[in-house]
**Q** 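Structure below; questions to follow.
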Amino acid sequence: ILRGDLMSHMENIKILKLNMEKRYFYIGAILILFLSFLFDQEIVEFIASIRLEDINIFFITLSSSYLLYSIPIITSFLLYGKRHHILTLWSSVIVTYLIVQLLKWFIARPRPEISSLIETTSYSLPSSHAAIIFVLYPLISHELNIAKYPYLAIAILVAFSRLYNGVHFMSDIIAGA
């Protein structure tokens, strides 16, 4: 009985430790979001000042809605035979898109007032590109383990492209992700 109690106690400590790690992660993320609001304009202006003509097309392509929505389609093919995961994938994309659009309408934050490389028509906060690309990461990292690091790199580049192209502030991207 004593050994069972000890094992149960150790399991409870492990769960508490995980909960504390999650709590610190969320506190850190909120702190980073609030700090990014303080330096949003400076970050956008700095990124715009160091743009390179030779790589503009790369970041414009990464910001393409066609590319963004092709990722769930490609992932669906990779998950062929796992019907419940495909349903999870598409419901995540659709629900995320709807929530982001409602938040954009409710918050109504204007886009940065700098020379942007692409045209946009909606509000800025949160970034729908960042939200959609990052909502897929847990499923991809779990079900397509071999693709998790390349996908994470692509997701970060897509999110950064929105900043590089001058259509989002850093806080928009953090809030979306």
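What you see below is based on every heavy atom in this structure, not just the backbone, and it leaves out hydrogens, waters and symmetry mates.
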**Q** Is the number of heavy atoms from other residues, nucleotides or ligands within 6.0 Å of OH (Tyr97) greater than 12?
**A** no
**Q** Mind checking the CD1-OH spacing from Ile154 to Tyr149? Nearest 0.5 Å is all I need.
**A** 15.0 Å
**Q** So does Asp172 pair up with Arg109, basic N to acidic O under 4.0 Å?
**A** yes
**Q** Within the side chain of His168, is there an N or O that forms a donor-acceptor pair under 3.5 Å with the backbone of Ser124?
**A** yes
**Q** Rounded to the nearest 0.5 Å, how far apart are OG1 of Thr75 and CD1 of Ile71?
**A**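 Answer for the OG1-CD1 pair, Thr75 versus Ile71, is 7.0 Å.
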**Q** So Tyr164 and Ile55, do their side chains get closer than 4.5 Å, heavy atoms only?
**A**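 They are in side-chain contact.
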**Q** Decide yes or no on side-chain contact (heavy atoms from CB on, under 4.5 Å) for Leu125 and Leu103, but give the supporting numbers first.
**A** CA-CA 7 Å; Leu125 180 72; Leu103 286 171; over 6 Å; no
**Q** Return yes if some donor-acceptor pair links the side-chain N/O of Arg162 with the main-chain N/O of Leu62 below 3.5 Å, else return no.
**A** no
**Q** Go through Gln41 and Ile114 one step at a time and tell me if the side-chain contact (heavy atoms from CB on, under 4.5 Å) criterion holds.
**A** CA-CA 9 Å; Gln41 190 61 39; Ile114 62 165; 4.1 Å; yes
**Q** Under 6.0 Å from the OH atom of Tyr123, do we count more than 12 heavy atoms belonging to anything else shown?
**A**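 Check fails, neighbour count at 12 or below.
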**Q** Count the heavy atoms of every other residue, nucleotide or ligand shown that sit under 6.0 Å from CD of Glu42, and state whether that count exceeds 12.
**A** yes
**Q** Is Phe134 linked to Leu102 within one hydrophobic cluster, defined over Ile, Leu, Val, Met, Phe, Trp and Tyr using a side-chain heavy-atom separation of less than 4.5 Å?
**A** no
**Q** If you count the non-hydrogen atoms of other residues, nucleotides and ligands that lie under 6.0 Å from OH in Tyr69, is the total more than 12?
**A**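 Yes, enclosed.
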**Q** Which value, rounded to the nearest 0.5 Å, describes the distance between Ile140 atom CD1 and Leu152 atom CG?
**A**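 Reported value, rounded in 0.5 Å steps: 10.5 Å.
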**Q** Working to the nearest 0.5 angstrom, can you tell me the gap between Tyr151 OH and Ile74 CD1?
**A** 10.5 Å
**Q** Would a hydrophobic clustering, with Ile, Leu, Val, Met, Phe, Trp and Tyr connected at side-chain separations under 4.5 Å, put Leu78 with Ile73?
**A**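 Looking at the clustering, Ile73 is in the same group as Leu78.
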**Q** Looking at residues at least two apart in the chain, or sitting in another chain, which of them share a side chain to side chain donor-acceptor pair (under 3.5 Å) with Ser161?
**A** Ser63
**Q** Before you tell me yes or no, could you show the steps for Leu163 and Phe160 under side-chain contact (heavy atoms from CB on, under 4.5 Å), namely the whole-Å CA-CA distance, both residues' side-chain angles and the distance that decides it to 0.1 Å?
**A** CA-CA 5 Å; Leu163 183 63; Phe160 177 76; 4.2 Å; yes
**Q** Side chain of Asn56, backbone of Arg51: donor and acceptor closer than 3.5 Å?
**A** no
**Q** Please determine whether residues Ile99 and Ile107 belong to a single hydrophobic cluster, defined as Ile, Leu, Val, Met, Phe, Trp and Tyr linked transitively by side-chain heavy-atom distances below 4.5 Å.
**A** yes
